[in-house]
Amino acid sequence: MTNEEKIKDILLHQFGYTYFREGQEEAILAALDGKDTLVMLPTGTGKSICYQITGYCLEGIVLIVSPLLSLMQDQVDQMKRMGEKRVTALNSLMSSEERKWVMSHLTDYKFIFLSPEMLQQKYVLAKLKSLTISVMAIDEAHCISQWGMDFRLEYLGLGMVRKELNNPLTMALTATATEVVREEILTSLFLEQDKTTQILYSVDRPNIALTTINCSHDKDEQLLNQIKNLSKPGIIYFSSKKKADQIASWLKKETSYTVESYHSDIINEDKIKIQQQFIQNEIELICATSAFGMGINKENIRFVIHYHMPASVESYLQEVGRCGRDGQQSIAVLLFEAGDQFLQKRLQEQSLPNNAMLEYAYRHKKIPEGSCSETQQQLLENYLSSGTPINQAKSQILGRERQKDRQLEYMVHYSQTTDCKRSFLLYYFNEKLIKNPSYCCSSCGLDQEFYDKIKEKEKLTHFSISKSWKEKIEELFLLSE
DNA sequence: CGAATTAAAAGTACTTTTAATTCGGTGCAGTACT
């Protein structure tokens, strides 16, 4: 049986699909041909099938590096539901007994999900070195560039891990990455450009109309106006937890929509609950920070509104891409007010250490107390312990600052351009817009017909009012009578 | 009345260890009542 026949067979018998979606087959065949791959496919097109089927065809264990514990848990559960028993995660949510048991029975598993942090624990890496790894899959690989430089430094350690594991066949997967980001992914994983197969598909999402509204002290009204005119469910993104909470409670008071806010201060239990309710159409609007979104598998999100713009065009496209997965007409709205970029600039400043902090740390061989944010401390500690010369550290940080400034500049430019927004986005990702969709963007013009069409769709989504446990139990009793 | 100071300070996650607080059950002793 050829590889082509073999993977079609697995697709049908393991997953129940009769055909591959675009890019999947290409990625799997390249991997089976022994090529490391960088797979860039649009959100929700089944990237996980790529490493799963590749794994089924090869001897040995598949390691999947995942950025979030909740995401891991979802994936493990989903694979178990599909009938795969040899799958597990390895993380801090498990009890130490549970973890020990898994650690001593690693060869019984075919798929192991772990975080970059766990993968770099000495006892884990040592154990894995003695096993046969068939595939090392890096899910949401853009995190390497988005988080690795300052927020989660362990993401930059994946290259060393790969080397330690004797360079296993590698598959990096993401939905949105510019050419620069793709290069950063390759170099930090020590993948050679000319020996890596890149499977790249357009980041364009023709069913998402792109609009920007310039506000002047009327952002709240503009927001309310948009929400009233658009069909639900939708996400509203903020760059401040406080503002997200504030607007959420204002909307609860002002409207009859079901609204919740979501950010890192929400305890884990509530985060899961809110996600579930949103997915089950019990919540219409989520006021969120960037904490919300990764791994949210919801098909019918109709709009994404940005109350604050994100730090980069990459992040913007990532967040916008969460609506309209079902292919139905959806819309992204950016509410812009002059000066909004300074909020991002502030956040940026407190994520990187300044010169004074660097000099203090190098002179006293310790981190200045009190004045440093957590990410600044992390980065300083990293520089000190790795013995990086201070001048090299300084120029690295300066380079990173410049890069972030440039990204922010592009984002502002996007908001202000009167040229086609879609062309701008695609140009940023080195693509050319071939054909404008009929509802393209605010520069190309969206008429009332567009809003009418979107409003139409609302009738199709059924929102269930959430019931109290008493009502639910009463219902059960009535059913059994 | 004008100048100077002050307050607040914006987002993203994982891991492991340690200290402090809270919670629930049990046994015992003291008190009030029959």
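Remember, predicted model here, so these are calculated numbers, not experimental data.
Taking the ring axis of A:Phe278 as reference, the NZ or CZ atom of A:Lys298 stays within 45° of it and closer than 6.0 Å to the ring centre.
Close to B:dG11, at under 4.0 Å from its OP1 or OP2, lies no side-chain N or O of A:Lys242. One finds no side-chain N or O of A:Ser264 lying less than 4.0 angstrom from the OP1 or OP2 phosphate oxygen of B:dG11.
Rounded to whole angstrom, the span from the CD atom of A:Gln344 across to the C1' atom of B:dT12 amounts to 11 Å. One interatomic measurement links the two molecules: CZ of A:Phe151 to C1' of B:dG11, which rounds to 8 Å at whole-angstrom precision. One can place NZ of A:Lys219 at 13 Å from C1' of B:dA10, the figure rounded to the nearest angstrom. Rounded to whole angstrom, the span from the CE atom of A:Met309 across to the C1' atom of B:dG11 amounts to 14 Å. If you measure from atom CD1 of A:Ile267 to atom P of B:dA13, you get 15 Å, rounded to the nearest angstrom. One atom, CZ of A:Phe342, and another, P of B:dG11, lie 19 Å apart when rounded to the nearest Å. Rounded to whole Å, the distance from NE2 on A:His263 to P on B:dA13 is 12 Å. The separation between A:Met149 atom CE and B:dG11 atom P is 23 Å, rounded to whole Å.
With sequence neighbours excluded, the residues that form a salt bridge (charged side-chain N to carboxylate O under 4.0 Å, His left out) with A:Glu84 are A:Arg86.
Side-chain contact of A:Ser145 with A:Glu184: a donor-acceptor pair under 3.5 Å is present, judged by distance alone. A:Ser261 and A:Asp245 share a donor-acceptor pair across their side chains, judged by distance under 3.5 Å alone. With 3.5 Å as the limit, one finds a donor-acceptor pair spanning the side chains of A:Ser239 and A:Gln344.
Among the protein residues, A:His308 comes within range of no part of the nucleic acid, since none of its heavy atoms lies under 4.0 Å from any strand. Using a 4.0 Å heavy-atom criterion, one finds that A:Gln378 contacts the bases of the nucleic acid, with or without backbone contacts as well. Contact annotation for A:Lys241: backbone-only contact, meaning every heavy-atom pair under 4.0 Å involves sugar-phosphate atoms and none involves a base.
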message = I need a per-nucleotide contact map over nucleotides 14-19 of chain B, read 5' to 3'. Cutoff is protein heavy atoms under 4.0 Å; write B for the base, S for backbone only, - otherwise.
response = SSS---
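A stacked arrangement is not assigned to A:Trp147 and the six-membered base ring of B:dT12, the conditions of a centre distance below 5.5 Å and an interplanar angle below 30° not being jointly met.
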Nucleotide N/O of nucleotides 20-23 of chain B paired with protein N/O under 3.5 Å:
none

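Annotation: A:Tyr427, atom OH; neighbour count of heavy atoms from other residues, nucleotides and ligands within 6.0 Å does not exceed 12.
A:Leu380 approaches A:Ala361 most closely through the heavy-atom pair CD2-CB, 4.2 Å.
Listed nucleotides: B:dA13, B:dT12, B:dA10. Nearest to the side chain of A:Lys271: B:dA13.
Put simply, the side chain of A:Thr176 never gets that close to the backbone of A:Ser315: no donor and acceptor are under 3.5 Å apart.
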query = Run the salt bridge (Lys or Arg N to Asp or Glu O under 4.0 Å) check on A:Lys242 and A:Asp265 step by step: do they pass?
reply = CA-CA 10 Å; A:Lys242 211 164 122 190; A:Asp265 286 349; over 6 Å; no
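Checking each of A:Gln193, A:Gln198, A:Glu183 against A:Leu38 for a side chain to side chain contact (heavy atoms under 4.5 Å, CB included) leaves exactly one that passes, namely A:Gln198.
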